[in-house]
Structures are given as structure tokens and as C-alpha cells.
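FYI, the numbering just counts along the sequence from 1. Worth knowing before you read on, the calculation uses all heavy atoms, side chains too, and leaves out hydrogens, waters and symmetry mates.
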Amino acid sequence: MTGCHTFGEPLPPEFYARPAELVARELLGAVLVSSLGGQLTAGRIVEAEAYVGPHDAASHAAQHIGRTRRNDSMFGPPGIAYIYRIYGLHWCLNTVTGDVGYPAAVLVRALEPLAGMETMRQRRSLRPDRELASGPARLAEALAISGQLDGHPLQQPPLLITTGQPLPDASISRGPRVGVTRAADWPLRFFVLGSPWVSR
């Protein structure tokens with residue numbers, strides 16, 4: 001895909017085959033690249049949120065829920081996409097982490113746009129640039145991500161995550177997850193300090 005190499009190499013499945021909390025922190029600075037709809041759009045990940053396993057009451061695959069048709073991808077191999085719909089309206093992108101059969105994932109919450117901003121503006125109905133990808137539903141719309149890519153390996157087009165630029169710990173903060181009612185105080189949301197692109 002044209003221009004892809006400028007963002008680094010795709011993150012291999014081994015990157016994701018680790019605890020969700022670690023993957024969420026290290027995804028910051030990586031680049032999400034989409035060629036969906038025949039348009040190149042890309043953004044640097046500036047906010048991510050970990051859902052760490054069946055003991056995590058906020059997870060879609062928490063013990064009291066188990067394996068369902070909706071969360072099936074969470075049980076799959078590390079490095080695939082888990083895409084679900086919220087409020088019956090908006091798509092959200094997660095990366096599956098950990099071991100096969102152990103449901104854990106990282107929600108990609110916000111991007112700093114790097115490529116295809118004009119396309120993002122059109123898809124986001126000409127919202128202010130700061131709102132193009134500052135939230136999981138917004139970034140999915142900006143990059144044309146939908147449930148058709150649930151289970152897609154994130155090492156290949158039309159949707160992949162590349163190395164980007166690793167960020168030092170001093171530039172990262174963490175806090176409670178957003179919009180969850182269970183295990184709401186767990187500090188599993190990681191974000192780039194001072195980034196205007198973070199969702200909150």
C-alpha cells in the first residue's frame with residue numbers, strides 16, 4: 001500500500017501476545033493505517049485502554065458473560081481486531097492481546113491524524129479537526145472502520161498498526177477507564193500527556 005512504509009513496519013503478533021495493560025501502554029506512539037474505501041488515512045495512537053481478562057468486570061468477556069457471538073474475536077489469536085458496536089450506532093476498534101483462548105483486548109481510544117485529513121473531515125461531517133479522531137467511535141468513522149473487519153489481522157491492509165515512534169514514560173499518563181460502570185477505578189487508560197487529540 002502506498003505510503004505505508006513511512007509509518008514503520010507492522011507490529012507483529014508477538015507484540016500483542018502479552019498482557020493487555022503492557023500492550024496498551026506500548027501502543028501509544030504506534031500508527032493506525034487504513035486504506036479502507038480506497039483512501040489512505042492514518043493516525044498516531046495517543047490514547048488506549050486495557051481490558052485485562054475474565055476477572056475484569058468491565059470487559060465484554062468478563063466471567064459473568066462468557067464467550068458469545070459478539071465477543072468471539074477476543075478469544076482469538078493476539079494481533080487481530082476485535083470490533084464491536086456501541087449504542088447500536090458506532091463502531092469501536094480493539095486489538096486482541098495475550099494468549100489464544102484468554103479474552104483480553106486494548107481499545108484504541110484516540111488518534112493524532114497524520115495522513116488523509118481531508119478524507120477524515122469528509123467522513124466526520126466537517127467537524128473541528130480536534131474532533132476528527134478524539135474518541136473510539138470518532139476514529140472508527142474517520143478511518144472507515146466497521147464490523148466487517150472484526151477478526152482481521154492487524155499486520156496487513158486494509159487496516160494495520162505500525163511501529164511509529166515509541167514514547168518515553170515521562171510523556172505518558174494513566175488513569176481510570178472512561179464510560180465503564182464496573183471496575184471503573186482500575187487505572188487502565190493510558191494517554192499522551194498534553195496531546196490535544198486525547199478524548200478527554
Measure from the side-chain N and O atoms of [X] to the backbone N and O of [Y], and report whether any donor-acceptor pair falls under 3.5 Å.
{"X": "Asn71", "Y": "Gly66", "result": "yes"}
{"X": "Ser171", "Y": "Pro168", "result": "yes"}
{"X": "Arg67", "Y": "Ala61", "result": "no"}
{"X": "Gln39", "Y": "Gly116", "result": "no"}

My understanding is that only residues two or more places apart in sequence, or in another chain, count here; which of them pass side chain to side chain contact (heavy atoms under 4.5 Å, CB included) with Arg70?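 Applying side chain to side chain contact (heavy atoms under 4.5 Å, CB included) to Arg70 gives His60, Thr68, Tyr82, Tyr84.
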Looking at Ile161, Leu159, Thr41, Leu40, which hits side chain to side chain contact (heavy atoms under 4.5 Å, CB included) with Val33?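 Among Ile161, Leu159, Thr41, Leu40, the one meeting side chain to side chain contact (heavy atoms under 4.5 Å, CB included) with Val33 is Leu40.
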Count the heavy atoms of every other residue, nucleotide or ligand shown that sit under 6.0 Å from CZ of Arg182, and state whether that count exceeds 12. no
Crowded around Glu131 CD? As in, over 12 foreign heavy atoms under 6.0 Å?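 Yes, CD of Glu131 has more than 12 neighbouring heavy atoms, counting only those of other groups under 6.0 Å.
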Could you tabulate the donor-acceptor pairs under 3.5 Å formed by side-chain atoms of residues 24-32, not counting sequence neighbours?
{"unit_1": "Arg25", "atom_1": "NE", "unit_2": "Asp169", "atom_2": "OD1", "d": "3.1"}
{"unit_1": "Arg25", "atom_1": "NH2", "unit_2": "Leu167", "atom_2": "O", "d": "2.7"}
{"unit_1": "Arg25", "atom_1": "NH2", "unit_2": "Asp169", "atom_2": "OD1", "d": "2.7"}
{"unit_1": "Glu26", "atom_1": "OE1", "unit_2": "Arg18", "atom_2": "NH1", "d": "3.2"}
{"unit_1": "Glu26", "atom_1": "OE1", "unit_2": "Arg18", "atom_2": "NH2", "d": "3.0"}

Between Ser199 and Glu47, is there a side-chain donor-acceptor contact under 3.5 Å, judged purely by atom types and distance?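 Yes - a donor-acceptor pair under 3.5 Å links their side chains.
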Quick check: is Phe15 connected to Tyr51 through a chain of hydrophobic side chains (ILVMFWY, heavy atoms under 4.5 Å apart)?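 No; tracing contacts between hydrophobic side chains, which count when under 4.5 Å, never links both residues.
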Can we say Asp150 and Arg85 salt-bridge, meaning some charged N sits less than 4.0 Å from an Asp/Glu carboxylate O? no
Can you list every salt bridge (charged side-chain N to carboxylate O under 4.0 Å, His left out) pair that touches residues 94-104, not counting sequence neighbours? none
